Protein chains: 2
Amino acid sequence: MSYEYAIAALADPTRRAIIDRLRSGALPVGAIHDGMPVSRPAVSQHLRVLSDAGLLTVTPCGNRRLYAIAPEGVDNLRRYLDSLWDDALAAFARAAEEQAKGNSK
Amino acid sequence: MSYEYAIAALADPTRRAIIDRLRSGALPVGAIHDGMPVSRPAVSQHLRVLSDAGLLTVTPCGNRRLYAIAPEGVDNLRRYLDSLWDDALAAFARAAEEQAKGNSK
DNA sequence: ACAAATCGTAAGCGATAACTTACGGTAAGT
DNA sequence: ACTTACCGTAAGTTATCGCTTACGATTTGT
């Protein structure tokens, strides 16, 4: 249902870089921003988009806020692509068979 | 390697609608455009983007051009999301274990 | 209590993207 | 040969997006 926001969120390279940094586990905003070519507020805005898309979870921890990848959000996208892949493969096989029939005649 | 273009291409709802129409098999541009809320040149431009992203294949067939989903392009994205899902799950499990340890003390 | 750190939000700006209309080019039908 | 159908491309416009700077709120440390 909401995989649309997830795929739109992952379309941006900066947001993918953020996601990549969170692959090994949760991080506060400062650590995510460290070494990034954009400002910290920009990172905050991207984190907002990723959270709204269901790709990240936020857990306030004292002074800081820990962001982590939400497996469920990623799985939504995965399922969409899986169904697309199934249909694409079936259509591909059907087309190949069709052409083989046409050539053998 | 080139899944970046693919995910950017699929971020647009109109392009996803085009992809959905091709799930059952190849179609010419006119059939893809039928009933769509945008102009036919717009569809052509979207088809161009999807082709450049490796998500579609084109086969000129007489007067028309048949577009079909390229399974390989879809698979590229699938693999990216699979690896992301693996890491996200691992990190999630690790965090849960960590927290359980902290609570049990 | 005061200062420093961490983070989100508001406002504004420049670039990009999606769309339209108009046009050209090639293949099929008469 | 001429017309019609099918499709891609060019030019221009409008809206959206990603970014920056500036500011406010909350929490930690002294």
Side-chain angles (χ1 to χ4, degrees), chain A residues 2-22 25-70 73 77 102, chain B residues 2-22 25-70 73 77 102:
Chain A
S2 87
Y3 72 92
E4 293 96 344
Y5 292 93
I7 199 169
L10 287 180
D12 183 74
T14 303
R15 283 194 287 261
R16 278 199 305 271
I18 291 178
I19 288 283
D20 281 340
R21 292 214 170 182
L22 295 174
L27 286 177
V29 179
I32 299 175
H33 169 245
D34 261 355
M36 278 215 171
V38 297
S39 70
R40 188 196 46 76
V43 173
S44 269
Q45 292 166 3
H46 284 307
L47 290 172
R48 165 93 158 149
V49 173
L50 289 166
S51 300
D52 287 349
L55 289 170
L56 293 184
T57 61
V58 203
T59 64
C61 183
N63 204 10
R64 313 173 300 182
R65 309 187 67 186
L66 293 176
Y67 285 89
I69 300 181
L77 256 183
Chain B
S2 87
Y3 72 92
E4 294 96 344
Y5 294 92
I7 199 169
L10 286 181
D12 183 74
T14 302
R15 282 194 287 261
R16 278 198 307 270
I18 290 178
I19 288 283
D20 281 340
R21 292 215 170 183
L22 295 174
L27 285 178
V29 180
I32 298 175
H33 169 245
D34 262 354
M36 278 215 170
V38 296
S39 70
R40 189 196 48 76
V43 172
S44 268
Q45 291 167 5
H46 284 306
L47 290 171
R48 165 93 157 147
V49 173
L50 289 166
S51 299
D52 287 349
L55 289 170
L56 292 185
T57 62
V58 203
T59 63
C61 182
N63 202 12
R64 313 174 300 183
R65 309 187 66 186
L66 293 176
Y67 285 89
I69 300 181
L77 256 183

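Note on naming: letters A, B, ... go to the chains in the order of the sequence lines (proteins, then strands), and numbering restarts at 1 for each one. Predicted model only: the values in this text are computed from it and were never measured. Reckoned from all heavy atoms, side chains included, excluding hydrogens, waters and symmetry mates.
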D:dC19 phosphate, OP1 or OP2, under 4.0 Å from A:Thr14 side-chain N/O: yes
Heavy-atom closest contact (A:His33 atom, A:Arg40 atom, distance): NE2-N, 3.5 Å
I'd like a table of donor-acceptor pairs (distance under 3.5 Å, sequence neighbours excluded) in which one partner is a side-chain atom from residues 56-69 of chain B, with atom names and distances.
none

From B:Leu50 atom CG to B:Arg48 atom CZ, the distance as rounded to the nearest 0.5 Å: 12.0 Å
Between N or O atoms, less than 3.5 Å apart, protein on one side and nucleotides 7-9 of chain D on the other: list the pairs.
{"unit_1": "D:dC7", "atom_1": "OP1", "unit_2": "B:Val29", "atom_2": "N", "d": "3.2"}
{"unit_1": "D:dC7", "atom_1": "OP2", "unit_2": "B:Gly30", "atom_2": "N", "d": "2.8"}
{"unit_1": "D:dG8", "atom_1": "OP1", "unit_2": "B:Arg65", "atom_2": "NH1", "d": "3.2"}
{"unit_1": "D:dG8", "atom_1": "OP1", "unit_2": "B:Tyr67", "atom_2": "OH", "d": "2.4"}
{"unit_1": "D:dG8", "atom_1": "OP2", "unit_2": "B:Ser44", "atom_2": "OG", "d": "2.4"}
{"unit_1": "D:dG8", "atom_1": "N7", "unit_2": "B:Arg40", "atom_2": "NH1", "d": "3.3"}
{"unit_1": "D:dG8", "atom_1": "O6", "unit_2": "B:Arg40", "atom_2": "NH2", "d": "3.0"}

Nucleotide range of DNA chain C lying under 4.0 Å from chain B heavy atoms: C:dA18 to C:dA28
Nearest heavy atoms of A:Leu55 and A:Ala6, plus distance in Å: CD1-O, 3.7 Å
Residue mapping more 5' on DNA chain D - nearest nucleotide basis, A:Ala11 or A:Gly62: A:Ala11
Heavy-atom protein contacts under 4.0 Å, nucleotides 12-17 of chain D, coded B base, S sugar-phosphate only, - none: ------
Donor-acceptor contacts, no H, no angles, side chain residues 7-15 of chain B, under 3.5 Å, sequence neighbours left out:
{"unit_1": "B:Asp12", "atom_1": "OD2", "unit_2": "B:Thr14", "atom_2": "N", "d": "3.1"}
{"unit_1": "B:Asp12", "atom_1": "OD2", "unit_2": "B:Arg15", "atom_2": "N", "d": "3.1"}
{"unit_1": "B:Arg15", "atom_1": "NE", "unit_2": "B:Ala9", "atom_2": "O", "d": "2.7"}
{"unit_1": "B:Arg15", "atom_1": "NH1", "unit_2": "B:His46", "atom_2": "ND1", "d": "3.2"}

Intra- and inter-strand pairs of DNA chain C in dot-bracket (Watson-Crick or G-U wobble, both distances under 3.5 Å; | for another strand): ||||||||||||||||||||||||||||||
From B:Ile32 atom CD1 to B:Asp20 atom CG, the distance as rounded to the nearest 0.5 Å: 12.0 Å
Nearest-0.5 Å distance, CZ of residue A:Arg21 to CE of residue A:Met36: 4.5 Å
Euclidean distance, atom NE2 of residue A:His33 to atom C1' of D:dC19 [Å, nearest integer]: 12 Å
